[in-house]
Trainee: 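Structure below; questions to follow.
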Amino acid sequence: MRVRFAPSPTGRLHIGGARTAIYNWAFARRHGGALVLRIDDTDPERSTEENTRAILSSLKWLGIDWDEGPEVDGGCGPYFQTQRTATYTAALTRLQEAGAVYPCFCSPEALAVKREAARTAGGFSGYDRTCCDLDAPTIAARTAAGKSHAWRLRVPDGRGDIVFTDAVRGESVFRADAMDDFVVARSDGSPTYNFATVVDDGEMEITHVIRGDDHLSNTPRQILVFEALGMAVPTFAHLSMIWGPDGKRLSKRHGAASVEDYRDLGYLPEALVNYLALLGWSLDDKTTMIDRDSLVANFSLERVSLNPAVFDAEKLDWMNGMYLRELSPGEFADRMAPHLVDAGLLSAEEVAEKQAWLLELAPLLAERVKRLDEVVPMVAFLFADSVTIDEDARVKVLEKEGAAAALDATHEALGALADFSPTAIEAALRSVPESTGIKAKIVFQSVRVAVTGSTVSLPLFESLSLLGKDRSLERIQAARSSLGD
RNA sequence: GGCCCGUUGGUCUAGCGGUGAGGACGCCGCCCUCUCAAGGCGGAAAUCACGGGUUCGAAUCCCGUACGGGCUACCA
């Protein structure tokens, strides 16, 4: 079995494209087939090399490897459509010789006018076959006169219904007479999408075309091309779209829409793959966490759902948190380090120097973070020279009865410690309520606010230990002084 | 306009003629607890879009309607 993923480099790898890639990949791996990566860059206006590079790197980041394509030689290259013009020309020649296509001299403007008219009149708005039966002399004369023409595929007269069995949707029927003679080659000779993909899918011996269902309506057209070319028609499988919360195709308008966006936000590739795999496919009635191997072992097109799925960022967050918590402290530290560096909290060298310290910090963060970018605000207090105390926290905690005395007592208890480990700190702090009679909650919260500036923070004892004795005492002292008397 | 696809709690889904319509996210409550989380337990939440059939029996099969989406380009 041979499948392909054929993104067009007109943008970054979209979340929907990523899911299509994952399904193709899983299908290929499941059946021991090959995944071909082909870059459909026939749109010169919008295709860029930068996008191509970004797409490849996103796929790699997701852990999707391909058997043939850019950077991986196979027998069917090249894998960029812009480098395959000779193939399309040859295919077009075959169609010309077979009389399966004809030149069309109609100008796009004239066609647009007719199309509009036909549409408002109600009914069929396809090409009206003006140039369908031009005789050779006419064609020669127009060409000699310098008139340019496109090539259109002639839908065979008497062609019955176009029927195919979609691997996820079942039997699909399209009436051939509702199909118009569409353009296969533009007047500049370049192939259109519906022609180039078919030629390539045929030449590359693709057996299963798994793609978004925005191509469902194109399928009968493409089948006509396969037939005209005398090539085997592959099995099609159309995946429904991924929507934003408003029921519209997911896009940047909804916020993050590309794989890169999600990477930068601190999602783990394994979480994104898991989430996407289950957005439109299910293993059974209860599996929500599925790793790569199980996905490959169980993926099937039959269990792909037909209806569009709304992308639920909250569920992705939850899932990402699950994966984050499965990481070892070392792995977590490695993954979060880039975010600390990006935020300017640490330099790359410091990351290396403070490995042990980061390893202690990691587990504290892992259980309260859903995205890696959330670590930045949580650890900011550890990097700042001093801390600005949240106004609300000051009023609700520090200015309350007993807070000042608690800070005094804490300062003294901690100051006496030689060992500034979390357990030693905990013992010291727990002794304060006993010796002073101040409620434990007030003691802990006062210290927390003094040291972190907020009523919400990482666990107190560990935070103090991570901060270090000197800086902890300084902050407690500073908070205490600010209270006066 | 024409052609095509889809419709189970707010969201992702299981279901493929007989179920108390199951699970997950989210939400609410309780427990745990130095805050926040994480974790554990429990709960609310679906007249299976609507209307007709078929059948002893329909979320499941058929038809229609509504709503949503896609295609209808010398875009992909």
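Treat the numbers as computed from the prediction; the structure is a model and nothing was measured. So you know, we letter chains A, B, ... as the sequences are listed, proteins then strands, and number each from 1.
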Trainee: Given C5(B), A76(B), A14(B), which nucleotide is nearest the side-chain atoms of Arg169(A)?
Mentor: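 The listed nucleotide nearest to Arg169(A)'s side chain is C5(B).
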Trainee: Using a heavy-atom cut-off of under 4.0 Å over every strand shown, decide if Glu116(A) touches base, sugar-phosphate, or nothing.
Mentor: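 It contacts nothing in the nucleic acid.
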Trainee: With rounding to the closest Å, how many angstrom separate the C1' atoms on G69(B) and U33(B)?
Mentor: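 It works out to 49 Å between them.
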Trainee: Who does U35(B) pair with, Watson-Crick or G-U, both distances under 3.5 Å?
Mentor: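 Result: none.
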Trainee: Return no unless some side-chain N or O of Arg303(A) is found under 4.0 Å from OP1 or OP2 of G15(B).
Mentor: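 Result: yes.
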Trainee: Is the phosphate of U35(B), meaning OP1 or OP2, less than 4.0 Å from a side-chain N or O of Lys441(A)?
Mentor: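 Yes, Lys441(A) has a side-chain N/O under 4.0 Å of OP1/OP2 on U35(B).
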Trainee: When you get a sec, tell me which of A76(B), G6(B), U11(B) is the closest nucleotide to the side chain of Asp312(A)?
Mentor: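 My answer, after comparing the listed nucleotides, is U11(B).
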Trainee: C74(B), C71(B), U35(B): which one has an atom nearest the side-chain heavy atoms of Val183(A)?
Mentor: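 So the side chain of Val183(A) is nearest to C74(B).
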Trainee: Using a strict 4.0 Å threshold on nitrogen-to-oxygen distance, state whether Arg371(A) and Asp373(A) make a salt bridge.
Mentor: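 Judged by the 4.0 Å cut-off on N to carboxylate O distance, Arg371(A) and Asp373(A) do form a salt bridge.
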Trainee: With a 4.0 Å cut-off, would you call Arg430(A) and Glu426(A) a salt bridge?
Mentor: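 Here Arg430(A) pairs with Glu426(A) in a salt bridge, since their nearest N and O are under 4.0 Å apart.
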Trainee: Once you apply a heavy-atom cut-off of 4.0 Å, does Phe174(A) come out as touching a base, just sugar-phosphate, or nothing?
Mentor: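 Result for Phe174(A) = sugar-phosphate.
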Trainee: NA contact type, Lys439(A), heavy-atom cut-off 4.0 Å: base, sugar-phosphate, or nothing?
Mentor: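 Touches nothing.
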Trainee: Tell me whether the side-chain N or O atoms of Thr192(A) pair up with the base of C74(B) as donor and acceptor below 3.5 Å, since no angle test is needed here.
Mentor: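 It does not, because no donor-acceptor pair links the side chain of Thr192(A) to the base of C74(B) below 3.5 Å.
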Trainee: Contact class for His215(A) (heavy atom, under 4.0 Å): base, sugar-phosphate, or nothing?
Mentor: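 Counting heavy atoms under 4.0 Å across all strands, the contact made by His215(A) includes a base.
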Trainee: Looking only at side-chain N and O atoms, does Lys370(A) come under 4.0 Å of OP1 or OP2 in G26(B)?
Mentor: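 For G26(B), OP1/OP2 do have a side-chain N/O of Lys370(A) under 4.0 Å.
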Trainee: Counting the atoms with a prime plus P, OP1 and OP2 as sugar-phosphate, which does Ala309(A) contact under 4.0 Å by heavy atoms, base, sugar-phosphate, or nothing?
Mentor: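 If one applies the 4.0 Å heavy-atom cut-off, Ala309(A) turns out to touch the sugar-phosphate alone, with no base involved.
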Trainee: How far apart are the closest heavy atoms of Leu216(A) and Phe174(A), and which atoms are they?
Mentor: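 Scanning both residues, the minimum pair turns out to be O-CZ, 4.0 Å.
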Trainee: What's the closest nucleotide to the Glu314(A) side chain, out of U13(B), G26(B), G39(B)?
Mentor: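 Of the candidates, G26(B) comes closest.
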Trainee: Would you kindly give the CZ-to-P distance between Phe236(A) and C4(B), to the nearest whole Å?
Mentor: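 Taking CZ of Phe236(A) and P of C4(B), I get 18 Å after rounding.
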Trainee: Look at the side chain of Ser305(A) and decide which nucleotide, out of U35(B), U13(B), C34(B), has an atom nearest to it.
Mentor: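 Among the listed nucleotides, the one closest to the side chain of Ser305(A) is U13(B).
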Trainee: Considering only A76(B), G26(B), A73(B), which nucleotide approaches the side chain of Trp318(A) most closely?
Mentor: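 Within the option list, the nearest is G26(B).
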Trainee: Looking only at side-chain atoms of Asn307(A), point me to the closest of U8(B), C25(B), A76(B).
Mentor: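 Looking only at side-chain atoms, Asn307(A) lies closest to U8(B).
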Trainee: Between U11(B), U72(B), A73(B), spot the one nearest the side chain of Arg115(A), thanks.
Mentor: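 Minimum distance to the Arg115(A) side chain belongs to A73(B).
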Trainee: Check this for me: does any side-chain nitrogen of one of Arg38(A) and Asp40(A) sit under 4.0 Å from a carboxylate oxygen of the other?
Mentor: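 Yes, Arg38(A) and Asp40(A) are salt-bridged.
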Trainee: Would you call Arg129(A) and Asp157(A) a salt bridge, using N to O less than 4.0 angstrom?
Mentor: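 Looking at Asp157(A) together with Arg129(A), the answer is yes, because their closest N to O distance falls below 4.0 Å.
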Trainee: With sugar-phosphate meaning primed atoms plus P, OP1 and OP2, does Gly321(A) contact a base, only sugar-phosphate, or nothing at under 4.0 Å between heavy atoms?
Mentor: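 No contact.
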Trainee: For Gly122(A), which contact category applies under a 4.0 Å heavy-atom criterion: base, sugar-phosphate, or nothing?
Mentor: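 Sugar-phosphate, no base atom in range.
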Trainee: Given A38(B), A73(B), U13(B), identify the nucleotide with an atom nearest to the side chain of Ser282(A).
Mentor: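 Out of A38(B), A73(B), U13(B), the nucleotide with an atom closest to Ser282(A)'s side chain is U13(B).
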Trainee: So what does Lys315(A) touch, heavy atoms closer than 4.0 Å: a base, only the sugar-phosphate, or nothing?
Mentor: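 The answer is base, as Lys315(A) lies within the cut-off (heavy atoms under 4.0 Å) of a base atom.
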Trainee: Between Lys286(A) and G22(B), does any side-chain N or O lie under 4.0 Å from OP1 or OP2?
Mentor: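 Looking at the OP1 and OP2 atoms of G22(B), neither is under 4.0 Å from any side-chain N or O of Lys286(A).
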Trainee: Please classify the nucleic acid contact of Leu316(A) as base, sugar-phosphate, or nothing, using heavy-atom distances under 4.0 Å.
Mentor: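 Nothing, no heavy atom under 4.0 Å.
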Trainee: Base, sugar-phosphate, or nothing for Ser457(A), non-hydrogen atoms under 4.0 angstrom?
Mentor: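 The answer is base, as Ser457(A) lies within the cut-off (heavy atoms under 4.0 Å) of a base atom.
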Trainee: Do the charged groups of Asp214(A) and Arg249(A) touch, with an N to O distance under 4.0 Å?
Mentor: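 A salt bridge links Asp214(A) with Arg249(A).
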Trainee: Quick one: label Leu460(A) by what it contacts on the DNA or RNA (base, sugar-phosphate, nothing), any heavy atom closer than 4.0 Å.
Mentor: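 Base, at least one base heavy atom under 4.0 Å.
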Trainee: What is the distance, to the nearest angstrom, from the CZ atom on Arg371(A) to the C1' atom on A38(B)?
Mentor: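 Checked: the CZ to C1' distance equals 17 Å.
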Trainee: When you check the gap from the basic side-chain N to the acidic O, do Arg84(A) and Glu203(A) get nearer than 4.0 Å?
Mentor: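 No, this pair does not count.
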Trainee: On a whole-Å scale, what distance lies between the P atoms belonging to C31(B) and A24(B)?
Mentor: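 The same atom, P, in both gives a distance of 22 Å.
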Trainee: How are the rings of His238(A) and Phe236(A) set to each other: parallel, tilted or perpendicular (split at 30° and 60°)?
Mentor: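 Correct class here is parallel.
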Trainee: Under a 3.5 Å cut-off for both contacts, is C56(B) paired Watson-Crick or G-U wobble with anything, and if yes, with which nucleotide?
Mentor: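 Because both required distances fall under 3.5 Å, C56(B) counts as paired with G18(B).
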Trainee: If we call it a pair only when both distances are under 3.5 Å in a Watson-Crick or G-U wobble match, what pairs with A76(B)?
Mentor: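 The answer is none; no pair meets the criterion.
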Trainee: May I ask which nucleotide in the shown strands pairs with C30(B), Watson-Crick or G-U wobble, both distances under 3.5 Å?
Mentor: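 Partner of C30(B): G40(B).
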Trainee: Please tell me which of the listed nucleotides, C4(B), U13(B), U35(B), lies nearest to the side chain of Gln445(A)?
Mentor: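 Closest of the options to the side chain of Gln445(A): U35(B).
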Trainee: Would you indicate what Pro108(A) reaches in the nucleic acid, counting non-hydrogen atoms under 4.0 angstrom: base, sugar-phosphate, or nothing?
Mentor: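 Base contact.
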Trainee: Within the structure shown, what part of the strands sits under 4.0 Å from Trp151(A) by heavy-atom distance: base, sugar-phosphate, or nothing?
Mentor: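 Nothing, no nucleic acid heavy atom in range.
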Trainee: Quick check on G39(B): is either OP1 or OP2 less than 4.0 Å from any side-chain nitrogen or oxygen of Arg325(A)?
Mentor: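 Yes, because at least one side-chain N or O of Arg325(A) sits under 4.0 Å from OP1 or OP2 of G39(B).
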Trainee: Between Tyr267(A) and Tyr323(A), is a ring pair (Phe, Tyr, Trp, His ring centres under 6.0 Å) present by the stated rule, with each step listed?
Mentor: CA-CA 9 Å; Tyr267(A) 290 96; Tyr323(A) 278 92; over 10 Å; no
Trainee: Check this one for me: any side-chain N or O of Arg119(A) less than 4.0 Å away from OP1 or OP2 of G2(B)?
Mentor: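 It does not, given that no N or O in the side chain of Arg119(A) lies less than 4.0 Å from OP1 or OP2 of G2(B).
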Trainee: Between the side-chain atoms of Thr120(A) and the base atoms of G1(B), is any donor-acceptor pair under 3.5 Å?
Mentor: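 Donor-acceptor pair under 3.5 Å: no.
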Trainee: So Ser217(A), base contact, sugar-phosphate only, or nothing? Heavy-atom distance under 4.0 Å.
Mentor: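 Result for Ser217(A) = base.
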Trainee: Between Arg152(A) and C74(B), does any side-chain N or O lie under 4.0 Å from OP1 or OP2?
Mentor: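 So the side chain of Arg152(A) is within the cut-off, an N or O lying under 4.0 Å from OP1 or OP2 of C74(B).
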Trainee: I need the CG-P distance between Asp284(A) and A24(B), as an integer number of Å.
Mentor: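 So the CG-P distance, Asp284(A) to A24(B), works out to 12 Å.
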Trainee: Could you please name the partner base of G64(B), counting Watson-Crick and G-U wobble pairs only when both distances are under 3.5 Å?
Mentor: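 Looking at the geometry, G64(B) pairs with C50(B).
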